[in-house]
Amino acid sequence: MKINACLSVLSLLLLVVGLQTRAFGDELTDARARFTDGEFDQAAKLFEQALEKSPPSAAVFYELGRSLVKAGQEPRAALNFRRSLILDPRFAPARTALQETNIALGIAPPKPDWQTKILERVPMKALTLAGVILFWVGGFTGLAAFFFQKKRGRRLTLGFAMVFVGVGLLAVVWFCDPLITMSNTAMVLTNGGSSLLRSPTDQAEKVTSLPQGSLIEVLSQRGRWFYGALPASGVRGWFLTEGIVPLIPPA
């Protein structure tokens, strides 16, 4: 009886997952058809619905961005191109589309740095996996050396080297992976942009303008105000929370 009950529950779960997967596929198919027919607003809505019902996908964020560009919503398109690149920094079509959209928005391209060069060449998931494996294998190798007299020195040296390399790889991931480095970064989507102020009051002195589509790092919040810094220059100040959308969508 217990086995039959377990099998029934498992069958029900598989059925639900199958129906959700089928619905997700149908929604994407419909969205792509609407895009082909020139119904860009409707296509964007369907792509958004598909993303809400499934794990995030770099390809679907890219397709959503393309729909929004065609619908004349460049700031929202730039947001989704960036989300695509956060999931897959080596996704060239999203990178090209983001560059073109930023030009349309008047956003200056970021200066190339070593993190960007690594992201374009090395997959972060593979680097993370390699770092974790080397760290633990190296740790067990070093630990095993205490139980074997033969070649103890070599085992300790090998274990230490593997742990060192593993930690180094994980450090590269920590400093490069957009899921980590951009966890507090947001984009200005307010019509007309926003302003960076010296204090959290409407009458405060303006530090600089934040055009629609620009990025800002959120450091803290006080009521309806964010305190943040511009990623490129490091200039800090206060800005209203309205129209400020995080790059990484809430889970």
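The shown structure was predicted, so the numbers you read here are calculated from the model rather than taken from an experiment.
A 6.0 Å sphere centred on CZ of Arg90 holds more than 12 heavy atoms belonging to other residues, nucleotides or ligands.
Linking Ile, Leu, Val, Met, Phe, Trp and Tyr whenever their side-chain heavy atoms come within less than 4.5 Å puts Leu119 and Leu127 in one cluster. Clustering ILVMFWY residues whenever any of their side-chain heavy atoms sit less than 4.5 angstrom apart, transitively, puts Val122 in the very cluster that holds Trp174. The hydrophobic cluster containing Phe164 does not contain Leu134, counting ILVMFWY residues as joined when their side-chain heavy atoms lie under 4.5 angstrom apart, directly or transitively. When hydrophobic clusters are built by joining Ile, Leu, Val, Met, Phe, Trp and Tyr residues whose side-chain heavy atoms come closer than 4.5 Å, directly or via intermediates, Ile133 is grouped together with Leu158. Val167 and Met162 are assigned to two separate hydrophobic clusters, defined by single-linkage of ILVMFWY side chains at heavy-atom distances under 4.5 Å.
Checking side-chain atoms of Gln221 against main-chain N and O of Gly223 turns up a donor-acceptor pair under 3.5 Å. Between the side chain of Ser183 and the main chain of Ile180, a donor-acceptor pair closer than 3.5 Å is present. Counting only distance, with no hydrogens or angles, the side chain of Asp88 and the backbone of Ser84 share no donor-acceptor pair below 3.5 Å. Between the side chain of Arg83 and the backbone N or O of Leu247 there is at least one donor-acceptor pair closer than 3.5 Å.
Closest non-hydrogen pair, Ile216 versus Pro231, comes out as CA-CD, 3.9 Å. Scanning all heavy atoms of the two residues, the minimum distance from Ala31 to Leu46 falls at CB-CB, 3.6 Å. Of all non-hydrogen atoms in Leu98 and Ala78, the two that sit nearest each other are CD1-O, 3.8 Å. Closest non-hydrogen pair, Ser209 versus Lys206, comes out as OG-NZ, 3.2 Å. Taking both residues in full, the closest heavy atoms of Cys176 and Gln115 are given as SG-CG, 3.7 Å, listed atom of the first, atom of the second, then distance. Here the shortest heavy-atom pairing between Ala186 and Val218 reads CB-CG2, 4.1 Å.
A donor-acceptor pair shorter than 3.5 Å can be found between the side chains of Asp113 and Thr116.
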ask   = After noting the C-alpha distance and the side-chain angles of Leu156 and Phe160, does the key distance pass the side chain to side chain contact (heavy atoms under 4.5 Å, CB included) rule?
value = CA-CA 6 Å; Leu156 281 173; Phe160 176 78; over 6 Å; no
message = Let's go through Arg34 and Asp30 carefully: what are the C-alpha distance in whole Å and the side-chain angles of both, what is the deciding distance for salt bridge (charged side-chain N to carboxylate O under 4.0 Å, His left out) to 0.1 Å, and is it a yes or a no?
response = CA-CA 6 Å; Arg34 296 298 180 94; Asp30 193 11; 3.5 Å; yes
query = After noting the C-alpha distance and the side-chain angles of Trp225 and Ser199, does the key distance pass the side chain to side chain contact (heavy atoms under 4.5 Å, CB included) rule?
reply = CA-CA 9 Å; Trp225 293 89; Ser199 60; over 6 Å; no
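No side-chain heavy atom of Met124 sits under 4.5 Å from any side-chain heavy atom of Leu179. Put simply, the side chain of Leu189 does not reach to within 4.5 Å of the side chain of Ile244, judged on heavy atoms. Taking 4.5 Å as the limit, every side-chain heavy atom of Val165 sits out of range of all side-chain heavy atoms of Phe135. At a threshold of 4.5 Å between non-hydrogen side-chain atoms, the residues Tyr227 and Pro200 do not count as touching. Counting heavy atoms from C-beta on, the side chains of Leu68 and Leu79 never come closer than 4.5 Å. Counting only heavy atoms from C-beta outward, the side chains of Phe81 and Val69 approach each other to under 4.5 Å. Between Thr201 and Leu197, every side-chain heavy-atom pair lies at or beyond the 4.5 Å cut-off. Residues Ile86 and Phe61 fail the side-chain proximity criterion, which asks for heavy atoms closer than 4.5 Å.
Glu217 CD to Thr185 OG1: the interatomic distance, rounded to the nearest 0.5 Å, is 5.5 Å. For the atom pair CZ (Arg32) and OG (Ser67), the distance works out to 10.0 Å, reported to the nearest 0.5 Å. Note: Leu143 CG to Arg155 CZ = 11.5 Å, rounded to the nearest 0.5 Å. Atom-to-atom distance recorded for Leu240:CG and Leu210:CG is 10.5 Å, nearest 0.5 angstrom. Residue Asn102 holds its CG atom at 8.5 Å from CD of Gln99, rounded to the nearest 0.5 Å. Remark: Ile107 CD1 to Glu74 CD distance equals 12.0 Å, nearest 0.5 Å.
Below 30°, between 30° and 60°, or above 60°: for Phe35 and Phe40 the angle between ring planes is above 60°, a perpendicular geometry. Using cut-offs of 30° and 60° on the angle between ring planes, the pair Tyr62 and Phe91 is perpendicular.
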